[in-house]
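Data first, discussion second: the structure below is written as structure tokens.
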Amino acid sequence: MLSTNPLVNDRFIDFLLFEVLNVEALHALPAFSEHNRETVEIYLASARRLARQHLFPAYKAMDEAPPRLENGHVRVHSLMHDLYPRMVELGVLSATRPPEVGGQRLPISVAVLASCYLMAANLSAYGYLGLTTGAARLIESFGSDELKERFMTRMYSGEWTGTMALTEPQAGSSLTDVKTTAVETDAGHYLIKGSKIFISGGDHDLTENIVHLTLARIEGAPPGIKGVSLFAIPKKRLEGDTLVPNDIEVAGVIHKIGWRGLPSLALAYGSSGDCHGWLVGEPHRGISYMFQMMNEARLMVGMNGAATASVAFHESLEYAKTRPQGRNFENRDPKSPQVPIIEHADVRRMLLRQKAIAWGSLALLAHTARLTDLSEHAETEAERQRAFFLLDLLTPMAKSFPAEKGFESNALAVQILGGYGYSSEYLPESWLRDQKLNSIHEGTTGIHSLDLLGRKVPSAGGATFAALLDEIVKTCKQARDVGIDPEWAQCLEDAVVDTRNTTQHLAMLGLEGNVAGMLRHSAHYLDLASTLVMGWIWLDMAVKAQQNRGNRQEDADFYDGIQLAAQYWIHTEVPRIGYLGKLCRSGEDSYARIRVDQF
């Protein structure tokens, strides 16, 4: 382990918050009026210190010794018993929540970028808290006052943790096929029976109780999505002042390749017929409620992808600076000293590609965080609606791009370290394993590609997607106005035209009833759209760098680095949009026509 790894670049995070997002403008909104730059910097500094001094040093030990099942109960690594209360003390669980529920009402834009340090340091350790916040938020949003008092308060305080329990062995991602049952009783609770699988944090010994936000069907409910309800089901239930077992058993521990410090479990509810669950909200609306936590979790997974790419980038960057090997082409003297491998052009290519992916992903997640803030707290309903729809559109990309391209970025980190990269004595191979899970967690990339093309792009008659393209064109104009190479803007504008034509072509197929043809290349369309959005994100950052460089001469290298990464992405990746658009429009159907017995 290289102890100099910063996990995330502090100057870049400051650049995102104060120069790109202009987070200080959010403090003018009533919801955030208690905050200013000073409070933001205090929280960031605390997160950075906790990540670097405590979470990161524990990462390797937790990866090597995952939680274990003993006598029906999961025991986590002993280091987690020190890390968990430290994260609770930082305020991670309720930082963005209102004071009425014990929160600080910190802008999500700030909290997300602070959390990226914790994720980069030790994503499994952070996972316990990220899941708990999402589960508590469901009860805050949809639960009764009684459920808030019984469960939410204890979850936000860190006394109890929470999970999301959706997946079942026979259903996978198809929530239509949930079979866990709920039978109403006269005592106000339901009796729950069924099985769940891949439940992260579903059992542990960090807290005395865990609340599972669980999807189940009330007896007699209609089939399909419209018959699924949401329940709060604790590991232990209160009887008077005493916690007693609630008939939930750990049926098995999943042995994962990554995220190894956070247990993934199979759970059995109601084996003895005595598992009590409490309905959250109205019957049969569980899917619509759960989408709140699912969308939050998707963005959290996206940030995990960005953070995991970031920490590996910094590890390989430091290695490349300090590892001597070979000589420059023009030096033929074998007696001359070797040069650090960063002097070799192909190593710099791999490093710049990592930077473009990792920093671009962080910027995309920062942008979606700001949209989340505005969707909830902007001054007018029109502003809130615009932010909500843009956030909804960008979510499949913000989840999938950091995971898919992040895996490529992590593979480059392994490549730069060479033989050391694929050895378990060094960390890049473990981050590569962690990263692979991010393209599967909270919906596979294929599912998100169908969601983007089949639902998000056509919504509101395509108005939100058109608005996004207009924003990209505006940024191109700004780039010309501040003196950035006009070729960059032209490249992006050409990609906008190609994207618009491709989208219209696919939409027409859908209107004609050829839904299969419309969606056949949804994965390529997600790649196309994500590449375009990333080009926009990088051009916008190049604009901000150009605008601010005159005020901060000491940051000339930083701003030059931003613009070189932007140049790299726009020149090497954005041109792929033409090819991807042609492929999407072509109707190429090899994998649609191939029969099972022809594989």
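Small disclaimer: the values here were computed from a predicted structure and weren't measured.
- Distance check: Leu469 CG to Lys474 NZ gives 12.0 Å after rounding to the nearest 0.5 Å.
- Judged purely by distance below 3.5 Å, without hydrogens or angles, the side chains of Arg585 and Gln504 never pair a donor atom with an acceptor atom.
- Neither side chain, Asn304 nor Thr308, offers a donor N or O lying under 3.5 Å from an acceptor on the other.
- Note that CE of Met518 and SG of Cys584 are 11.0 Å apart. Values are rounded to the nearest 0.5 Å.
- In this structure, the side chain of Ser141 engages the main chain of Arg137 through a donor-acceptor pair within 3.5 Å.
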*Give the C-alpha distance, both sets of side-chain angles, the deciding distance and a yes or no for side-chain contact (heavy atoms from CB on, under 4.5 Å) between Ile562 and Trp359.*
CA-CA 9 Å; Ile562 291 289; Trp359 287 26; 4.0 Å; yes
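- Side-chain contact between Phe32 and Val23: absent, with no pair of heavy atoms (C-beta onward) separated by less than 4.5 Å.
- A donor-acceptor distance shorter than 3.5 angstrom exists from the side chain of Ser449 to the backbone of Gly446, with no hydrogens or angles considered.
- Using a 4.5 Å heavy-atom cutoff, the side chains of Met155 and Val211 are in contact.
- With a 6.0 Å cutoff to the six-membered ring centre and a 45° limit on the axis angle, Lys436 counts as a cation-pi contact of Phe407.
- Using modelled atom types and a 3.5 Å distance limit, the side chains of Tyr156 and Glu140 yield a donor-acceptor pair.
- Arg480 places a side-chain heavy atom less than 4.5 Å from the side chain of Gln490.
- Using a 3.5 Å distance cut-off with no hydrogens or angles, the side chains of Gln478 and Asp481 do not pair a donor with an acceptor.
- At a cut-off of 3.5 Å, with distance as the only test, a side-chain donor of His212 or Thr163 sits close to an acceptor on the other residue.
- Residues Gln385 and Glu381 have side chains that bring a donor and an acceptor to within less than 3.5 angstrom of each other.
- The residues Arg48 and Asp14 are annotated as salt-bridged, a charged nitrogen and a carboxylate oxygen being separated by less than 4.0 angstrom.
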*Leu213 and Ile139: CA distance, side-chain angles, deciding distance, side-chain contact (heavy atoms from CB on, under 4.5 Å) verdict*: CA-CA 9 Å; Leu213 274 292; Ile139 299 173; 4.2 Å; yes
*Phe401 vs Trp569, ring-ring contact (aromatic ring centres under 6.0 Å, His included): CA-CA, chis, key distance, verdict*: CA-CA 14 Å; Phe401 179 91; Trp569 191 263; 5.8 Å; yes
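- Judged by distance alone, the side chain of Asn514 and the main-chain N or O of Gly510 form no donor-acceptor pair under 3.5 Å.
- Annotation: Phe388, atom CZ; neighbour count of heavy atoms from other residues, nucleotides and ligands within 6.0 Å does not exceed 12.
- Relative to the six-membered ring of Tyr568, Arg353 misses at least one condition, a distance below 6.0 Å or an angle of at most 45° to the axis.
- At least one side-chain heavy atom of Leu468 sits less than 4.5 Å from a side-chain heavy atom of Leu394.
- Judged by distance alone, with hydrogens and angles left aside, the side-chain atoms of Thr133 form a donor-acceptor pair with the main-chain N or O of Leu93 at under 3.5 Å.
- For the pair Trp538 (side chain) and Ala356 (backbone), a donor-acceptor distance under 3.5 Å is present.
- Residues Leu138 and Phe142 meet the side-chain proximity criterion, which asks for heavy atoms closer than 4.5 Å.
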*Begin with the C-alpha distance, continue with both residues' side-chain angles, and end with the deciding distance and a verdict on salt bridge (Lys or Arg N to Asp or Glu O under 4.0 Å) for Lys226 and Glu282.*
CA-CA 12 Å; Lys226 294 181 180 180; Glu282 300 176 11; over 6 Å; no
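- Comment: Lys477 does not engage Glu493 in a salt bridge, judged by the lack of any side-chain N to carboxylate O separation of less than 4.0 angstrom.
- A cation-pi arrangement is absent between Arg549 and Tyr559 under the rule of less than 6.0 angstrom and at most 45 degrees off the ring axis.
- Distance check, rounded to the nearest 0.5 Å: OG1 of Thr444 to NZ of Lys399 gives 7.0 Å.
- Side-chain atoms of Arg370 do not come within 3.5 Å of backbone N or O of Leu365 as any donor-acceptor pair.
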*Passes side-chain contact (heavy atoms from CB on, under 4.5 Å), Arg105 versus Thr96? Steps please.*
CA-CA 4 Å; Arg105 186 62 93 186; Thr96 64; over 6 Å; no
*asked:* Before you tell me yes or no, could you show the steps for Met541 and Val20 under side-chain contact (heavy atoms from CB on, under 4.5 Å), namely the whole-Å CA-CA distance, both residues' side-chain angles and the distance that decides it to 0.1 Å?
replied: CA-CA 7 Å; Met541 289 195 288; Val20 177; 4.2 Å; yes
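- Remark: side-chain polar atoms of Ser229 are paired, donor with acceptor, to backbone N or O of His284 under 3.5 angstrom.
- Here the side chains of Leu123 and Asp434 are in contact, with some heavy-atom distance below 4.5 Å.
- Between the side chains of Thr475 and Trp536, at least one donor N or O lies within less than 3.5 Å of an accepting N or O.
- Atom CG in Asp373 sits 5.5 Å away from atom CG in Leu26 (nearest 0.5 Å).
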*Yes or no on side chain to side chain donor-acceptor pair (under 3.5 Å) for Thr445 and Glu404, after CA distance, side-chain angles and deciding distance?*
CA-CA 8 Å; Thr445 302; Glu404 291 289 353; 2.6 Å; yes
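- Side-chain atoms of Gln104 and Ser94 form no donor-acceptor pair, as typed in the model, at a separation below 3.5 Å.
- Thr503 and Tyr525 share a side-chain donor-acceptor pair at under 3.5 Å.
- Between Met397 and Ser530, the closest heavy-atom pair is CG-OG, 3.4 Å.
- A salt bridge links Asp555 with Arg11; the closest basic N to acidic carboxylate O contact falls under 4.0 Å.
- For Asp527 and Arg576, the salt-bridge test passes: some basic side-chain N is under 4.0 Å from an acidic carboxylate O.
- At a threshold of 4.5 Å between non-hydrogen side-chain atoms, the residues Val40 and Phe18 count as touching.
- Side-chain contact annotation: His521 with Tyr591, donor-acceptor N/O pair under 3.5 Å present.
- The line from CG of Leu371 to CZ of Arg384 is 14.5 Å long, rounded to the nearest 0.5 Å.
- Formation of a donor-acceptor pair under 3.5 Å by the Lys456 side chain with backbone atoms of Pro396 is not found in this model.
- Looking at Asp177 and Ser174, their side chains do bring a donor and an acceptor atom within 3.5 Å of each other.
- In this structure, His35 and His27 have tilted ring planes: the angle between them lies in the 30° to 60° band.
- Side-chain atoms of Ser33 do not come within 3.5 Å of backbone N or O of Leu29 as any donor-acceptor pair.
- In this structure, the side chains of Leu175 and Ile287 come closer than 4.5 Å at one or more pairs of heavy atoms.
- One side chain, Tyr117 or Asp10, offers a donor N or O that lies under 3.5 Å from an acceptor on the other.
- Atom CG of Leu528 is separated from atom CG of Asp498 by 7.0 Å, given to the nearest 0.5 angstrom.
- Gln563 places a side-chain N or O within donor-acceptor distance of the main-chain N or O of Ala542, the cut-off being under 3.5 Å.
- Taking the charged nitrogens against the carboxylate oxygens, Arg386 and Glu471 do have a contact shorter than 4.0 Å, which makes a salt bridge.
- Salt-bridge formation is detected for the pair Lys196/Glu168: a Lys NZ or Arg NE/NH1/NH2 atom is positioned less than 4.0 Å from an Asp or Glu carboxylate oxygen.
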